[in-house]
Chemist: 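I have a structure I would like to understand better, so I am pasting it below and will then ask my questions one at a time.
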Amino acid sequence: MNALLNDMLFAAIAGFGFAYACNPPLKTLIFSALLAAIAHGLRFALLNYFHFQTLAIATFVASFCIGCLGILCAKISKTPAEIITFPALIPMIPGIYAYQAILYLFSFIRSEDLQAKTNFLISFFDHFFTTLSVTLALAVGVSVTLLIFFEQSFMMTRNRQEFKRII
Amino acid sequence: MKKPQVQALSDFLTEYTKLMLSSGTYTARVSKCVGRIAQIYGYEVNINFFFHHFSINIVDKDDNSINRTYIIPNKHAHLNFKLILDLSALSWAIYDKKYELENAKKLFYQISTQKKHPYALTLLLVSLGNAAFCRLFGGDFGGFCLVFLGTLAGLSLRYILTKIKIDLRIQYLICAFISSWIVFLGIDANLTKEADIALGSSILYLIPGVFFINSIIDILKDHILMGLSRIISVVILVCCIAMGIYATLSLSNYGILQ
């Protein structure tokens, strides 16, 4: 349980930091941090407690759930859903896998021993396809929700009150 | 509501489209919002989106001989979610309240000139966020501090490079190198036991995740050309990041490359 809470806390900090860089309204920052914690925590739980074998499938489920929750938060805060959900997904980007894939590729190029070369190549493809599948799962998972609620996602910003004061 | 002249409306719509595209939203949203504004003023609008420029055609619904076509270069600015929100809301406000074009222009001017969050705070929060990434992947406290410092230095440098208008790809390359180099110095001084995780996390603040998700939505919503262009540009940036970190690993003769 401690591990899960730890995971959620750091995901929330990462979500908050990266969301802030995109200059969002302050109230959506809280939603982004909250959704980032839920997304990463859900993936952590799926992998460790529900024994999902594939990282990509766990990521897809988490990102789909966050897409749905994002639509709900967007409705409450009258903002476009992508403003809330996209920063929340950033902590799930498989950066470490990508980095290791690159290292194995360079090691493969530099190595001269055939056995070592084969091992590096296998490790490269292993990490590369994990990176690719997780990144695609992440993007498709959230896009599917935006496409299901396509017309509604454009209606979120209707009837905002700010402009009445100006005109 | 008075029907605006085609030239005045064209000027407004081209500026609106340009600003909205530069703020980093997906193409279907831009198309919908611009179409909504044109429709309420009695015009029809068609836009072709490309990565480098967009072409926009505005036609009077009552008299097709009254029309304008422009090809406008795109502006590639930093992500700005507040702009996406305000410009979307403006299109609905024009649609629902039937604002005169002059009033719509006033509102647009106010939205486009609003201030961003202070950069110093952005610097701190993104560095903290990236350091949290390190812990998320299993790094230790030493790695957390190193990644924080590396990100802080990389982001500060990026701010300067943006100010002196250095190409984005070169910026990515240099920043990835500097951030990973700072983390490497810490690893060399034995400040962290999880060297791999600290080095790998040090450059994650550069990964253009939002652009990637936007490009997938573009492809799924049939703006395939724009989506592919965006993906290719993301791949180029990721390659630049890889080259930056490879430079660190080569210069430092770090164990994993031996």
Side-chain angles (χ1 to χ4, degrees), chain A residues 6-7 9-26 28 40 78-80 82-83 85-87 89-91 93 95-100 102-103 105-107 110 135-136 138-140 142-144 146-147 150 153-160 162-164 166-167, chain B residues 24-26 28-29 32-33 78-86 88-93 96-97 99 103 106-107 110 116-117 121-122 125-130 132-133 135-137 196-197 199-201 203-205 207 209-210 212-217 220-221 238 242 245-246 249 256-257:
Chain A
N6 204 37
D7 190 81
L9 172 71
F10 284 113
I13 297 173
F16 189 88
F18 284 100
Y20 192 85
C22 302
N23 200 46
L26 286 174
T28 66
H40 216 275
K78 285 185 180 293
T79 51
E82 66 262 29
I83 290 179
T85 53
F86 288 5
L89 295 174
I90 286 178
I93 286 179
I96 288 293
Y97 289 96
Y99 161 75
Q100 282 170 342
I102 293 164
L103 282 189
L105 180 67
F106 288 137
S107 303
R110 290 166 67 125
T135 317
L136 281 177
L138 202 65
V140 174
V142 74
S143 310
V144 167
L146 280 175
L147 294 177
F150 188 64
S153 71
F154 293 122
M155 305 281 280
M156 304 298 184
T157 50
R158 203 169 188 177
N159 295 326
R160 281 180 71 87
E162 278 93 85
F163 299 124
K164 281 184 182 168
I166 301 168
I167 300 286
Chain B
T25 186
Y26 50 88
R29 178 175 289 282
K32 278 261 179 191
C33 290
H78 285 293
L79 290 171
N80 191 337
F81 285 169
K82 184 80 169 57
L83 268 183
I84 301 174
L85 165 64
D86 285 343
S88 300
L90 175 65
S91 74
W92 275 118
D96 289 332
K97 315 284 179 206
Y99 290 147
N103 288 334
K106 266 186 225 165
L107 285 171
Q110 281 178 354
K116 282 187 171 184
H117 295 157
L121 197 55
T122 307
L125 287 173
V126 176
S127 304
L128 196 65
N130 206 32
F133 251 142
R135 287 302 292 260
L136 215 51
F137 290 124
D196 252 3
I197 291 170
L199 262 178
S201 313
I203 39 89
L204 291 183
Y205 70 97
I207 303 267
V210 174
F212 180 74
I213 303 173
N214 273 335
S215 56
I216 296 287
I217 297 180
L220 293 177
K221 276 314 293 173
V238 171
I245 198 161
Y246 179 67
L249 294 171
I256 200 157
L257 272 182

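Quick caveat, the model's predicted, so the values are computed rather than measured. In what follows, chains are A, B, ... by sequence order, proteins preceding strands, each numbered from 1.
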Chemist: Measuring centre to centre across the rings, with the benzene-like ring taken for any Trp, is A/Phe18 within less than 6.0 Å of B/Phe133?
Modeler: yes
Chemist: Is it the side chain or the backbone of A/Thr135 that comes within 4.5 Å of chain B heavy atoms, both, or neither?
Modeler: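 The answer is both parts of A/Thr135.
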Chemist: Could you tell me which non-hydrogen atom of A/Gly17 sits nearest to which non-hydrogen atom of B/Val126, and how far apart they are?
Modeler: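 Smallest heavy-atom distance, with atoms named: O-CG2, 3.6 Å.
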Chemist: To the nearest 0.5 Å, how far apart are OG1 in A/Thr79 and NZ in B/Lys82?
Modeler: 11.0 Å
Chemist: So, do B/Leu121 and A/Tyr20 sit near enough that their side-chain heavy atoms are less than 4.5 Å apart?
Modeler: yes
Chemist: For each of B/Ile207, B/Asn130, B/Leu83, tally heavy-atom pairs with chain A at distances under 4.5 Å, and name the one with the top tally.
Modeler: B/Asn130
Chemist: Report the option among A/Pro24, A/Cys22, A/Ala139, A/Gly95 that has the most heavy-atom pairs separated by less than 4.5 Å from atoms of chain B.
Modeler: A/Cys22
Chemist: What part of B/His78 gets closer than 4.5 Å to chain A, counting heavy atoms only: side chain, backbone, both or neither?
Modeler: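 The answer is neither part of B/His78.
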Chemist: Relative to chain A, which of B/Ile245, B/Asn80, B/Val238 shows the most heavy atom pairs under 4.5 Å?
Modeler: B/Asn80
Chemist: Hey, does A/Ile90 have a side-chain heavy atom less than 4.5 Å from the side chain of B/Val210?
Modeler: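 Counting from C-beta outward, B/Val210 and A/Ile90 do come under 4.5 Å.
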Chemist: At their closest point, which heavy atom of A/Phe10 faces which heavy atom of B/Ala132, and how far apart are they?
Modeler: O-CB, 3.4 Å
Chemist: Are the side chains of A/Leu146 and B/Tyr26 in contact, using a 4.5 Å heavy-atom criterion?
Modeler: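 A side-chain contact under 4.5 Å exists here.
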Chemist: Please examine the side chains of A/Ile13 and B/Leu128, heavy atoms only from C-beta on, and report whether any two atoms are closer than 4.5 Å.
Modeler: yes
Chemist: For each of A/Gly15, A/Pro91, A/Pro87, A/Ala21, tally heavy-atom pairs with chain B at distances under 4.5 Å, and name the one with the top tally.
Modeler: A/Pro91
Chemist: Could you walk me through whether A/Asn23 and B/Thr122 satisfy the side-chain contact (heavy atoms from CB on, under 4.5 Å) test, starting with their C-alpha distance in whole Å, then the side-chain angles of each, then the deciding distance to 0.1 Å, before giving a yes or no?
Modeler: CA-CA 9 Å; A/Asn23 200 46; B/Thr122 307; over 6 Å; no
Chemist: Looking at B/Leu85 and A/Pro25, what are the two nearest heavy atoms and their distance?
Modeler: CD2-CG, 3.3 Å
Chemist: I need the minimum non-hydrogen distance between A/Tyr99 and B/Asp196, along with the two atoms involved.
Modeler: CE2-O, 3.4 Å
Chemist: Other residues, nucleotides and ligands only: do more than 12 of their heavy atoms fall within 6.0 Å of OH on A/Tyr97?
Modeler: no
Chemist: To the nearest 0.5 Å, tell me how far A/Leu147 CG sits from B/Ile216 CD1.
Modeler: 11.0 Å
Chemist: Atom OH in B/Tyr246, atom CG in A/Leu105: separation rounded to 0.5 Å?
Modeler: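 Nearest 0.5 Å value for the OH-CG distance: 9.5 Å.
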Chemist: Provide the closest heavy-atom pair for B/Leu249 versus A/Leu103 in the form atom of the first, atom of the second, distance.
Modeler: CD1-CD2, 2.9 Å
Chemist: Out of B/Ile84, B/Ile197, B/Asp96, B/Thr25, return the one with the most heavy atom pairs under 4.5 angstrom to chain A.
Modeler: B/Asp96
Chemist: With a 4.5 Å heavy-atom cut-off, do B/Lys221 and A/Ser143 have their side chains touching?
Modeler: no
Chemist: Quick check on B/Lys116 against chain A: is it the side chain, the backbone, both or neither that has a heavy atom closer than 4.5 Å?
Modeler: both
Chemist: Taking all heavy atoms of A/Ile102 and all of B/Ala242, pick out the closest pair and write down the distance.
Modeler: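 Smallest heavy-atom distance, with atoms named: CD1-CB, 3.5 Å.
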